[in-house]
Each structure stands twice: as structure tokens, then as C-alpha cells.
Engineer: 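Supplied in C-alpha cells, the structure appears directly below.
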Amino acid sequence: MTGLDTIAVDLGSLGEQTDLSSLFDNDHPIELEIGCGKGGFLLRQAQAHPERNYVGVEWANKYYKFAADRMSRWSLTNVRILRTDAKNLVMHRLLPGCLSAMHIYHPDPWPKKRHQKKRLIQPDFMTAAVHTLSMGARLAIQTDHAEYFEQIKTVTSARPELEPIPFEDAEHGTVGEAVETNFEIKYQREGRSFYRLAFRRR
Ligand SMILES: C[S@@+](CC[C@H](N)C(=O)[O-])C[C@H]1O[C@@H](n2cnc3c(N)ncnc32)[C@H](O)[C@@H]1O
């Protein structure tokens with residue numbers, strides 16, 4: 001079992017600029033999952049790729065603890081779970097070019113009109129997100145919400161640094177047609193449609 005103290009990271013203990021590589025004792029490439037929930041995607045990926053480091057960001061205490069405990073029970077040494085606001089982390093704290101991949105699966109859709117300003121994927125966030133990606137890094141986004149997907153397409157297509165690539169990519173997280181996050185598995189049973197995009201940072 002890897003110590004929970006190592007896996008669950010109190011962001012307050014890191015500097016204003018957050019050097020994610022300081023969380024690991026190697027310089028392997030780092031992939032970030034935003035809103036990792038219960039950590040199903042991270043668990044599978046970290047097991048499959050010990051040569052990569054994974055960081056999950058989750059602000060709900062219940063899920064943060066659940067995911068960190070899960071990684072600890074599997075004795076994974078290449079995962080960290082941060083409890084913080086991913087928007088603030090990406091926009092103000094990460095170092096430029098620090099990520100080899102960013103995964104955003106089923107971001108909260110905030111369907112009511114008056115709540116839509118709370119959506120994560122907005123132009124200011126995407127501008128910052130692009131700068132955290134290294135050249136050639138992958139950005140993958142999946143939602144079950146058709147109207148949010150339209151917004152996501154508009155926001156991402158405004159970034160010339162993002163070159164569209166196929167979403168399905170076994171090397172970077174898909175198993176057949178699935179990414180197998182907890183929400184995807186649940187929504188699949190309900191017969192919902194999924195909308196997805198992937199890009200390479202140029
Ligand atoms: C709909 S759930 C999807 C969870 C997971 N990605 C999946 O597919 O199973 C969205 C998750 O993102 C988290 N979340 C939403 N906004 C966030 C933010 N700004 N920072 C960190 N986590 C966030 C929520 O707490 C929730 O666990």
C-alpha cells in the first residue's frame with residue numbers, strides 16, 4: 001500500500017506556482033485529469049502506464065478521499081490526487097508546458113441558463129489550458145451534454161494551437177470506444193449519447 005499522505009496532496013503545502021513534477025521522484029511525463037471523481041480512469045491508466053505520472057484534480061472532498069484511498073489500496077506510486085479548484089490551478093498555478101496530456105471527462109454541464117457561467121470550458125480557461133500543454137501533448141474531452149458540447153467545440157476551435165486528432169487512442173486512455181470513467185459507465189447503462197473531441201498541441 002502506498003501511503004495516503006503521499007497520494008493525497010494538500011495543495012496548500014506547495015508554492016503559489018505549482019510544480020507538479022515536485023510531487024514525484026522521477027521526471028516521467030505528467031497527465032492531468034480534471035474532475036477525476038472516484039478515480040476509475042486514473043486507476044486503469046496508472047496501472048497500464050507505470051512510465052507515466054498521473055495527477056487527478058477533484059474539489060469534492062468525498063470523491064477526493066475516495067479516489068486517493070483507492071490509489072493507495074492498489075499501491076500505485078505514479079498517481080497523486082489534488083483537492084483544489086481545477087480552474088484556478090490551470091489558470092494561475094501550473095507551469096507552462098508541464099503536461100503531456102489533459103483529460104476532461106464529463107465536466108459538470110450546469111444545464112440551467114443562469115448557471116452556465118460556472119462551466120469549466122470557457123475561453124479564458126482554454127487559453128490557460130493550452131499553455132500548460134507541452135508541444136505534441138494531447139487534450140481529450142468527453143461530455144454527455146449536447147448543448148455543452150456545442151460550447152466546447154466553439155471554445156476549442158478558437159485556439160489555433162489545437163490540432164484535431166482522433167479521440168480513440170488506446171495509448172492515451174480509450175478502451176475500444178470507452179474511457180471507462182465512473183460517469184461514462186453509469187450513463188452507458190442509461191443509453192445516453194457521448195460527445196467527444198481530442199487535440200494535439202502544436
Ligand atoms: C460529472 S462528475 C464526472 C467525474 C468523472 N470525470 C467521471 O467521468 O466519472 C464531475 C466531477 O468534477 C468535479 N469538479 C467539477 N468542477 C471542478 C473544479 N472546478 N475543480 C475540481 N473538480 C471539479 C466534481 O466534483 C465531480 O466529481
Side-chain angles (χ1 to χ4, degrees), residues 7-12 14 18 20 23 30-48 54-71 74 79-94 98-99 101-112 114-129 132 138-149 151-152 155 167-169 172-198:
I7 292 176
V9 177
D10 170 7
L11 204 50
L14 299 172
T18 305
L20 296 181
L23 302 175
I30 298 175
E31 302 197 11
L32 185 79
E33 186 189 6
I34 290 186
C36 64
K38 292 182 176 176
F41 173 80
L42 283 180
L43 178 64
R44 181 170 60 73
Q45 285 297 297
Q47 286 174 323
Y54 291 87
V55 176
V57 190
E58 178 52 58
W59 69 8
N61 194 33
K62 187 169 90 172
Y63 296 129
Y64 156 76
K65 284 187 167 160
F66 185 100
D69 187 53
R70 198 173 183 187
M71 306 304 151
W74 281 92
V79 191
R80 302 291 181 265
I81 310 288
L82 306 185
R83 184 176 179 216
T84 193
D85 171 17
K87 182 163 187 171
N88 180 53
L89 180 76
V90 168
M91 290 187 62
H92 303 297
R93 303 188 68 169
L94 292 186
C98 66
L99 301 177
M102 181 183 287
H103 306 270
I104 310 177
Y105 302 132
H106 300 277
D108 288 335
W110 298 105
K112 289 184 182 157
R114 70 178 186 279
H115 289 154
Q116 285 178 5
K117 58 180 177 299
K118 297 186 184 183
R119 285 177 174 171
L120 177 73
I121 301 174
Q122 317 253 9
D124 56 351
F125 170 80
M126 193 48 61
T127 301
T132 66
R138 180 181 172 86
L139 168 66
I141 305 173
Q142 174 169 296
T143 178
D144 51 284
H145 196 276
E147 190 265 320
Y148 192 10
F149 187 59
Q151 176 174 335
I152 293 168
V155 169
F167 185 89
E168 279 177 41
D169 176 348
H172 285 92
T174 50
V175 176
E177 295 191 348
V179 282
E180 296 187 329
T181 68
N182 293 78
F183 269 71
E184 185 192 71
I185 292 164
K186 181 173 123 182
Y187 289 156
Q188 213 151 29
R189 284 196 209 108
E190 295 172 9
R192 292 201 200 188
S193 300
F194 299 130
Y195 309 93
R196 52 210 345 211
L197 288 170

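We count ligands from 1, going down the list as the structure has it; atoms in each ligand are counted the same way.
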Engineer: Between Ile34 and Ala86, what is the shortest heavy-atom contact and its length?
Structural biologist: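 Heavy atoms of Ile34 and Ala86 come nearest at CG2-CB, 3.5 Å.
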
Engineer: Quick check: does Tyr63 get an N/O under 3.5 Å from an N/O on ligand 1?
Structural biologist: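 Such a contact does not occur with ligand 1.
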
Engineer: Quick check on contacts: which atoms of ligand 1 are under 4.0 angstrom from a heavy atom of Ala60?
Structural biologist: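 This gives 25 (O) as the contact atoms.
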
Engineer: For the residue pair Glu190 and Arg192, what are the closest heavy atoms and their distance?
Structural biologist: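 Residues Glu190 and Arg192, closest heavy atoms: OE1-NE, 3.1 Å.
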
Engineer: Looking at atom 10 (C) of ligand 1, what's its closest protein heavy atom, distance included?
Structural biologist: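 Of the protein heavy atoms, Asp108 OD1, 3.2 Å lies nearest.
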
Engineer: Please check: side-chain N/O of Thr174 versus main-chain N/O of Asp169, any donor-acceptor pairing under 3.5 Å?
Structural biologist: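 Yes; judged by distance alone, with no hydrogens or angles, the pair exists.
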
Engineer: Starting from atom 9 (O) of ligand 1, what is the nearest protein heavy atom, named by residue and atom, and what distance separates them?
Structural biologist: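 Answer for atom 9 (O) of ligand 1: Phe183 N, 2.8 Å.
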
Engineer: Would you find a donor on one side and an acceptor on the other, under 3.5 Å apart, between the side chain of Arg80 and the backbone of Leu23?
Structural biologist: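 Such a contact is found between Arg80 side chain and Leu23 backbone.
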
Engineer: Indicate whether the side chain of Gln45 and that of Glu31 have a donor and an acceptor atom separated by less than 3.5 Å.
Structural biologist: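 Looking only at side-chain atoms, Glu31 and Gln45 do not form any donor-acceptor pair under 3.5 Å.
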
Engineer: Can you pull out the closest protein heavy atom to atom 4 (C) of ligand 1? Residue, atom name and distance to 0.1 Å, please.
Structural biologist: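 Atom 4 (C) of ligand 1 sits closest to the protein heavy atom Gly35 O, 3.4 Å.
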
Engineer: Measure the distance from atom 19 (N) of ligand 1 to every protein heavy atom, then report the residue, atom name and distance (to 0.1 Å) of the closest one.
Structural biologist: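 Result: Asp85 OD1, 2.8 Å.
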
Engineer: Under 4.0 Å, counting heavy atoms only: does Leu89 come that close to any atom of ligand 1?
Structural biologist: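 The answer is no, since Leu89 has no heavy atom less than 4.0 Å from ligand 1.
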
Engineer: For atom 22 (N) of ligand 1, grab the closest protein heavy atom and report residue, atom and distance to one decimal in Å.
Structural biologist: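 For atom 22 (N) of ligand 1, the nearest protein heavy atom comes out as Trp59 N, 3.2 Å.
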
Engineer: Can you say whether the rings of His145 and Tyr148 are parallel (under 30°), tilted (30 to 60°) or perpendicular (over 60°)?
Structural biologist: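 Perpendicular.
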
Engineer: Quick check: Glu184 and ligand 1, any N/O pair under 3.5 Å apart?
Structural biologist: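 Between Glu184 and ligand 1 (N or O atoms, distance only) the closest approach is not under 3.5 Å.
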
Engineer: Are Asp108 and Lys118 close enough for a salt bridge, meaning some N to O gap below 4.0 Å?
Structural biologist: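 Between Lys118 and Asp108 there is no salt bridge, as every charged N stays at least 4.0 Å from the carboxylate O atoms.
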
Engineer: Tell me: protein heavy atom nearest atom 8 (O) of ligand 1, and distance?
Structural biologist: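 Going by distance alone, atom 8 (O) of ligand 1 is nearest to Thr181 OG1, 2.7 Å.
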
Engineer: Does any N or O atom in Pro107 lie less than 3.5 angstrom from one in ligand 1, N or O only?
Structural biologist: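 N/O-N/O distance under 3.5 Å: no.
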
Engineer: Closest approach of Arg196 and Phe149, non-hydrogen atoms and distance?
Structural biologist: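 It is N-CE1, 3.7 Å.
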
Engineer: For ligand 1 and His106, I'd like to know whether there is a polar contact (N/O to N/O, distance under 3.5 Å).
Structural biologist: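 In fact, backbone or side chain, His106 has no N or O that close.
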
Engineer: Say whether Ile34, considering both its backbone and side-chain N or O atoms, lies within less than 3.5 Å of an N or O atom on ligand 1.
Structural biologist: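 Between Ile34 and ligand 1, no N or O pair is found under 3.5 Å apart.
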
Engineer: For Leu120 and ligand 1, does the shortest N/O to N/O distance drop below 3.5 Å?
Structural biologist: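 Between Leu120 and ligand 1, no N or O pair is found under 3.5 Å apart.
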
Engineer: Provide the closest heavy-atom pair for Cys36 versus Glu58 in the form atom of the first, atom of the second, distance.
Structural biologist: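 Reported closest heavy-atom pair: N-OE1, 3.5 Å.
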
Engineer: Check the pair Tyr105, Phe183 against side chain to side chain contact (heavy atoms under 4.5 Å, CB included), reporting the backbone distance first and the verdict last.
Structural biologist: CA-CA 8 Å; Tyr105 302 132; Phe183 269 71; over 6 Å; no

Engineer: Is a side-chain donor or acceptor of Glu180 paired with a backbone partner of Gly40 at a separation under 3.5 angstrom?
Structural biologist: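 No, the answer is negative, given that no donor and acceptor are paired below the 3.5 Å cut-off.
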
Engineer: For ligand 1, which atoms have a heavy atom of Thr84 less than 4.0 angstrom away?
Structural biologist: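 In order of number, 20 (N), 21 (C).
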
Engineer: Under 4.0 angstrom from ligand 1, any heavy atom of Gln142?
Structural biologist: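 Contact check Gln142 vs ligand 1: negative.
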
Engineer: Which atoms of ligand 1 sit under 4.0 Å from any heavy atom of Glu33?
Structural biologist: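 Matching atoms, with element in brackets: 6 (N).
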
Engineer: Among all protein heavy atoms, pick the one closest to atom 25 (O) of ligand 1 and tell me residue, atom and distance.
Structural biologist: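 For this ligand atom, the closest protein heavy atom is Glu58 OE2, 2.5 Å.
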
Engineer: Give me the residue, atom name and distance of the protein heavy atom closest to atom 20 (N) of ligand 1.
Structural biologist: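 It is Ala86 N, 2.8 Å.
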
